[in-house]
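Order of appearance sets the numbers: ligands from 1, and atoms from 1 within every ligand. The first residue in the sequence is number 1, and the count goes up from there.
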Amino acid sequence: MSDFDMFCYQCSQTVRGEGCTVKGVCGKDATSARLQDNLIFAIKGISAYNYHAKELGVSDPEVDEFLTKALYSTLTNVNFDIPSLIQLGLDAGEANFKVMKMLKEAHIEKYGEPVPAVVKQGAQEGPAIIVTGHDLKALEELLKQCEGTGVKVYTHSEMLPAHGYPELAKYEALAGNIGKAWFDQKKLFADHKAAILGTTNCVLIPKDEYADRLFTMDIVKVPGATVIEDYDFTPVIEKAKELGGLTAEETTELTTGFGLSTILSLAPQIKELVLSGKIRRFFLVGGCDTPNPKMSYYREFVEQIPEDCIVLTLACGKFRFNDLDLGDIEGIPRLIDLGQCNDAIVAIELAVALCDLFEMELNDLPLTIVLSWMEQKAAAILWTLLYLGKTDMFLGPVLPAWCNEDILNVLVSQFNLTPTSNPKDDLKKILG
Ligand code: FSO
Ligand code: SF4
């Protein structure tokens with residue numbers, strides 16, 4: 001537990017005019033304060049996905065209504081009821097489910113369903129733009145405008161899965177991927193003389209070395225960077241040309257782009273392999289990465305997963321281990337990259353399909369979810385999984401800070417959520 005149980009300074013009654021840190025002057029206790037904070041965080045995550053869905057022309061009035069209602073519930077003197085605040089968390093999970101589904105459908109409609117793609121990792125010779133973030137529409141518009149310019153476009157972090165979408169991969173300008181999860185960008189961008197486009201959250205305040213070649217999109221604004229309006233990427237392309245270009249470095253390969261259809265086309269084979277004991281278990285290992293040294297858990301965990309298990313992954317947490325060659329089980333790849341964090345919806349749809357395939361309930365499937373969280377999108381995804389009734393998940397290595405003992409007790413008793421310990425012990429717990 002932290003030094004203070006809660007912090008709220010949203011009304012003028014607050015203690016000494018500074019903040020309520022033990023209990024609210026209004027009577028709000030620490031657990032309801034933390035649940036309200038959690039709700040606000042989940043709303044932020046949902047809003048990011050909702051924003052991108054709206055950019056693609058789709059929206060859901062029920063989601064918009066929920067966002068308003070949930071925010072209202074966090075106002076002063078409205079809701080002091082812990083069970084209802086937990087229920088609102090689960091409702092947020094439902095709203096996020098709807099938004100992720102809507103966004104995925106829009107992505108598929110516009111760019112086709114992803115197919116596995118082998119991506120060159122590392123710089124190639126020539127003028128370059130590095131695109132980071134999650135916004136596929138921004139990438140598409142940029143790729144269109146780069147046609148015929150000789151400028152190469154590289155994905156970074158959560159943009160990697162873009163290579164799997166046929167209607168994005170068709171652009172010659174889409175050259176490869178550079179770097180790993182979002183937090184390597186200060187060094188990576190300083191070291192590569194490319195123009196950089198930050199399309200969503202997870203863009204860092206730039207170092208002076210590259211601030212003048214960093215561009216962002218509408219709501220994304222960081223000191224020193226130029227904001228692109230109306231998808232006109234002319235200044236980014238001009239900057240890339242002016243910089244002269246990257247020097248080729250040794251490239252490796254990464255595989256991404258496993259859409260639901262690709263995996264389901266393997267369903268009969270997967271069923272046979274599971275029934276014959278050749279596939280023992282599926283692990284969904286992913287979420288959002290942070291520079292915290294404890295995050296090395298994820299690489300160690302994947303390295304120690306036995307060879308008769310399949311690893312599904314998504315979000316930027318995959319960069320902890322997606323360079324590993326895990327091979328295959330009779331043609332079924334052992335490492336399957338489902339995409340961005342919002343593609344958690346694909347993992348959910350896949351789990352539902354596996355339930356049908358094996359005529360089992362969700363929690364009886366041989367599937368373990370091990371998730372890391374960094375920011376508010378991950379909070380929304382966690383609540384989506386809880387809303388769907390998924391139990392027995394592992395979460396770590398750092399628990400969400402809004403969890404106090406009361407909340408953790410609920411997560412453990414109702415959902416059997418387990419904080420991660422170390423890979424060896426956790427695998428033993430899971431596999432027996
Ligand atoms: Fe990661 Fe950032 Fe996408 Fe997050 S790049 S950290 S919570 O946005 O969701 O996977
Ligand atoms: Fe304190 Fe309650 Fe006001 Fe928050 S809403 S500042 S807890 S009195």
H134 backbone or side-chain N/O/S under 2.8 Å from atom 2 (Fe) of ligand 1: no

Closest E375 atom to atom 4 (Fe) of ligand 1 [N, O or S only]: OE2

Taking atom 10 (O) of ligand 1 as the reference point, the nearest protein heavy atom with its distance: E158 OE2, 3.0 Å

If we only count heavy atoms from C-beta on, is the L338 to I263 side-chain gap below 4.5 Å? yes

N/O donor-acceptor pair under 3.5 Å between R34 side chain and A401 backbone: yes

Any atoms of ligand 1 less than 4.0 Å from a non-hydrogen atom of A315? List them with their elements. 10 (O)

Should the pair E349-K104 be classified as a salt bridge under the 4.0 Å nitrogen-to-oxygen rule? no

Atoms of ligand 1 less than 4.0 Å from A378 heavy atoms? 7 (S)

N79 and S84: side-chain donor and acceptor closer than 3.5 Å? yes

If you scan protein heavy atoms around atom 1 (Fe) of ligand 1, the nearest is C316 SG, 2.4 Å

Basic-acidic side-chain contact under 4.0 Å: R299, D323: yes

Just to confirm my output: which protein heavy-atom neighbour is closest to atom 3 (Fe) of ligand 2, and how far is it? C11 SG, 2.4 Å

Which residue owns the protein heavy atom closest to atom 9 (O) of ligand 1, what's the atom, and how far is it? C341 SG, 2.8 Å

Atom 7 (S) of ligand 2 - nearest protein heavy atom and its distance: G24 CA, 3.4 Å

List the closest protein heavy-atom neighbour of atom 1 (Fe) of ligand 2: residue, atom name, distance to the nearest 0.1 Å. C20 SG, 2.3 Å

For ligand 1, is any non-hydrogen atom under 4.0 Å from N201's backbone (N, CA, C, O), its side chain (CB onward), both, or neither? side chain

Determine the interplanar angle of the Y231 and F233 rings, folded into 0 to 90°, and report it as parallel if under 30°, tilted if 30 to 60°, perpendicular if over 60°. perpendicular

Are K54 and D64 within salt-bridge range, i.e. N to O under 4.0 Å? yes

Is it the side chain (CB and beyond), the backbone, both or neither of C202 that lies under 4.0 Å from ligand 1, heavy atoms counted? side chain

Pull out every atom of ligand 2 sitting under 4.0 Å from any heavy atom of K28, numbered as shown with elements. 7 (S)

For the aromatic rings, using the six-membered ring if either is Trp, is the centroid distance between F301 and F394 under 6.0 Å? no

With no hydrogens and no angle check, do the side chains of T256 and H163 hold a donor and an acceptor under 3.5 Å apart? no

For a distance under 2.8 Å, tell me if C8 has an N/O/S atom near atom 4 (Fe) of ligand 2. yes

Return the closest protein heavy atom for atom 5 (S) of ligand 2 as residue, atom name and distance. T76 OG1, 3.3 Å

Taking atom 8 (S) of ligand 2 as the reference point, the nearest protein heavy atom with its distance: C26 N, 3.4 Å

When rounded to the nearest 0.5 Å, the distance separating CE of M217 from CG of D230 is 9.0 Å

